[in-house]
Amino acid sequence: MKMNYFVVGTNNMKAATAFYDGLFDGLGVNKMVASERMTYWLADDFAFAVALPFDEKPATNGNGTMVGFNVGSPDAVDRVHQLALDLGAADEGAPCPKGPKYSGYVRDLDGNKICLSD
């Protein structure tokens, strides 16, 4: 079994799309706008999306929920972590060794937690 896709909610599609466009730039992840309420980014082995909730209630981030992206190397973790901060993310943990991985953590513009690892 492998992960197929991950979706996080947003309250501002324009801002969320701009954030993830910037974050994924140069990482081989391609955008596909599925509808006015959902945007996907597709890679070779997964899909990631931001969506306005179907129930039309405000999007909230899940306590304990985290999305992890493997960006390839410790240098890439440092670079993409700083890029996320430059794009408006909140720092949730500077890049450093975490168990067997080198990881850094941010929260996107809607408060969704993201792990960037090697």
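Just so it is clear, the values below take in all heavy atoms, side chains as well, and ignore hydrogens, waters and symmetry mates.
Taking every heavy atom of both residues into account, Ala84 and Leu23 meet most closely at CB-CD1, 3.7 Å. Taking all atoms of both residues into account, the shortest heavy-atom contact from Ser103 to Val77 is C-CG1, 4.0 Å. Smallest separation of non-hydrogen atoms from Leu27 and Arg79: CD2-NH2, 3.8 Å. Pairing each heavy atom of Met38 with each of Val7, the nearest pair is CE-CG1, 4.2 Å. Taking all atoms of both residues into account, the shortest heavy-atom contact from His81 to Gly93 is NE2-O, 3.4 Å. Contact between Ala43 and Val29 at its shortest, heavy atoms only, is CB-CG2, 4.3 Å.
Among the candidates Ile114, Asn112, Asn61, the single residue satisfying the side-chain contact (heavy atoms from CB on, under 4.5 Å) test with Arg107 is Asn61.
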Problem - side-chain hydrogen bond (donor to acceptor under 3.5 Å, both in side chains) evaluation trace for Asp78 with Gln82 - result: CA-CA 6 Å; Asp78 291 340; Gln82 184 59 54; over 6 Å; no

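Cluster annotation: Phe46 and Phe6 are assigned to the same hydrophobic cluster (Ile/Leu/Val/Met/Phe/Trp/Tyr, side-chain heavy-atom contacts under 4.5 Å, transitive). Placement of Leu42 and Met13 in two distinct hydrophobic clusters is found when ILVMFWY residues are connected by side-chain heavy-atom separations under 4.5 Å, directly or transitively.
To the nearest 0.5 Å, atom NZ of residue Lys31 and atom OH of residue Tyr40 are 15.0 Å apart. To the nearest 0.5 angstrom, Thr10 atom OG1 is 7.5 Å from Leu109 atom CG. How far SG of Cys96 is from OH of Tyr105: 7.5 Å, rounded to the nearest 0.5 Å. A distance of 3.5 Å separates CG in Asp108 from OH in Tyr20, rounded to the nearest 0.5 Å. Between atom CG of residue Leu83 and atom CZ of residue Phe24 there is a gap of 11.0 Å, rounded to the nearest 0.5 Å. Distance check, rounded to the nearest 0.5 Å: CG of Leu116 to OH of Tyr102 gives 11.0 Å.
A 6.0 Å sphere centred on CG of Asn63 holds no more than 12 heavy atoms belonging to other residues, nucleotides or ligands.
A distance-only check finds no donor-acceptor pair linking the side chain of Asn11 to the backbone of Pro58 [under 3.5 Å].
Within the 4.5 Å cutoff, no side-chain heavy atoms of Val8 are placed close to those of Asp110.
Checked against a 6.0 Å centroid threshold, the rings of Phe69 and Phe48 count as neighbours.
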